[in-house]
Amino acid sequence: MSAGILVVGASQAGVQVAASLRELGYKDPVTLVGAEPVPPYQRPPLSKGFLDGWTSAEELALRAVDFYSKHDIDLRLGERVTGISMATGKANTDRGDVIRFDRIALTTGARPRRLETPGADLDGVAYLRSIGDAAAIAGRLRLARSVVVIGGGFIGLEAAAAARGLGKEVTVIEAAPRLIGRAVAPVVSSAYLRAHERRGVVVHLSQSVSALEGAHRVVTGVRLRNGRLLAADLVLVGIGVTPRMELARQMGVECRSGVVVDRYARTSDCRVVAAGDVTVMPHPLRGVGDVRLESVQNAVDQAKIAAGSLVDRDEPYTAAPWFWSDQYDLKLQIAGLSTGYDRVVVRGAPESERFSALYYRDGHLIACDSVNRPADFVAVRKALANGENLPASLAADEAIVLKTLLAATG
Amino acid sequence: MFAILSNMPTITYVDAGGVRRSVPAAFGSTVMATAVQQSVDGIIGECGGSLACASCHVYVEPPWLAIVGPAHDLEAEMLEGALAETLPESRLSCQLTVSAALDGLIVRVARERS
């Protein structure tokens, strides 16, 4: 019997690697180590239903409590891998334990980027990544009056929506000239700006924070670069994440803006795979470039590929990326990756909060953002998965149901 | 403990091969979350019940259809594009909240992903 596989990070990706190894019939030891003290859980609801109390901690568990023992997965919680030696096949943990392995899966995820302005360490300045973070924020949110959200990306806007739903005064500060600018076209950014403003959120664009001010070590306000002071008794910071690459670097595995993997989730070391937020990979549909995807879909699909590679059942990653964001009653669903688009076709009226933006590059459909139009999302996701195009000239006609443009696949 | 368990509604899942599994479900949970917690094969719930992925597609057994009711608008749109065949009894199980009325519910799991 071999020493087995060590999965570092009991994340969505880590759990999937372990589960997939067993599904593939892998018989040797599988050890899944997680630094957090709670059983592996879903993160997306943390910035959505969990904040406003709709989702309980129990509902977040990724698998049943006995799943791990049933599948002979040695789940070690509240323990952190501190060092890995590929030469000896041994990993050290902060409990002083030594875990032996033949191969490694790195599913260490990412950590929130920290604010570096003066006052960033005041009490009441919070980041949202773990269930512990979310529980602390949910508690403070109940008592807060004025909430300032720094960062107009998905996490920030979802948190803003949850806070507004609880009746708080909410202000969002975004450094870029538009919301969610890295992910969506201007037409979608504008629609989200109006959606938040319509529901009473104040949004400051092209504005950054010069300092956080406080009294008795507790935050009381946010000072903008333009000199204005916004009162705040809770400040939520959502300005992106940084992949956790320390172990990979220490192991000598190639890293750029993430742990570099190929289409088989293999790193530069043939005994090491990686999956999820921590990786940079070739574009899954085009096979080139460097993409880093922060999504459940990528964590799950890439983890399955990684597990296959660990048992030498190499299958390339070709899944079409998808993503979702819930804010108020706006359900945003994204299929594909819009980076590099040269044309956007809009179906429906953005003002109605029910529309889709389809992205084209050289006449080919590459992505779609759907707001409360799931049929468009599903059709585009299918088209991308099958390598089909939906001609822009036809897609622009709202009377045409996108599904009918697909080849008859049922 | 046992008294509480015996009061919990029971949901029965039928897999593609016709194998039945009955599990206790907590009030207020969903038919999807119950399946995931109990490791029922074929119900994935990738989006955590956000109505974003269709990976919890089930067919409600006909006698239950009247009690469960049809899919609502956005759910129906998701189902129209589902990979598995969409039938009149198709529902996304993340939209089915467990209540006393659903005690004994039987659903067939759709093969949404290979």
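Because the structure is predicted, anything quoted here is derived from the model rather than measured.
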* In sequence, state the C-alpha distance, the side-chain angles, and the governing distance for A:W324 and B:E46, and then conclude on side-chain contact (heavy atoms from CB on, under 4.5 Å). => CA-CA 11 Å; A:W324 80 96; B:E46 202 162 0; over 6 Å; no
When the 4.5 angstrom heavy-atom criterion is applied to A:F323 and chain B, the contacting part is neither
Counting heavy-atom pairs under 4.5 Å with chain A, the top scorer among B:G45, B:G48, B:A33, B:G49 is B:G48
Checklist entry - Is it true that atom CG of B:D41 has more than 12 heavy atoms of other residues, nucleotides or ligands lying nearer than 6.0 Å? => result no
Open item on the list: Using side-chain contact (heavy atoms from CB on, under 4.5 Å), reason through B:C47 and A:Q297 one step at a time and then give a plain yes or no.
Closed with: CA-CA 8 Å; B:C47 74; A:Q297 171 275 323; over 6 Å; no
Under 4.5 Å to a heavy atom of chain A? For B:L51 that would be both
Hey, can you pull the donor-acceptor pairs under 3.5 Å for the side chains in residues 8-17 of chain B, sequence neighbours left out?
unit_1	atom_1	unit_2	atom_2	d
B:T12	OG1	B:S22	OG	2.8
B:Y13	OH	B:V31	O	2.7
B:Y13	OH	B:A35	N	3.4
B:D15	OD1	B:G17	N	2.8
B:D15	OD1	B:G18	N	3.0
B:D15	OD1	B:V19	N	2.9

Open item on the list: Under the criterion side-chain contact (heavy atoms from CB on, under 4.5 Å), I'd like the reasoning laid out for B:E80 against A:V378: C-alpha separation, chi angles, the key distance, then a yes or no.
Closed with: CA-CA 8 Å; B:E80 268 175 41; A:V378 176; over 6 Å; no
Contact list (residues 59-78 of chain B to chain A, heavy-atom gap under 4.5 Å, by number) returns B:L74, B:E77, B:M78
Is the shortest heavy-atom distance from the side chain of A:K331 to the side chain of B:S50 under 4.5 Å? yes
(Q) Using a 3.5 Å distance criterion without hydrogens, assess whether the side chain of B:Q37 forms a donor-acceptor pair with backbone atoms of A:A61. (A) yes
So, the part of A:R43 with a heavy atom under 4.5 Å from chain B: the answer is neither
The interface call for A:L402 against chain B, heavy-atom contacts under 4.5 Å, is neither
Of all heavy-atom pairs linking A:L62 and B:V36, the shortest is O-CG1, 3.5 Å
Whatever's closer than 4.5 Å to a heavy atom in chain B on A:N372 counts as both
When rounded to the nearest 0.5 Å, the distance separating OG1 of B:T34 from CD of A:E59 is 9.0 Å
Within residues 97-105 of chain B, the residues sitting under 4.5 Å from chain A by heavy atom, in sequence order, are none
Okay, B:A52 and chain A: the region with an atom under 4.5 Å from a heavy atom over there is both
Residues at least two apart in sequence or cross-chain that pass ring-ring contact (aromatic ring centres under 6.0 Å, His included) with A:Y359, listed by chain then number, are A:Y341
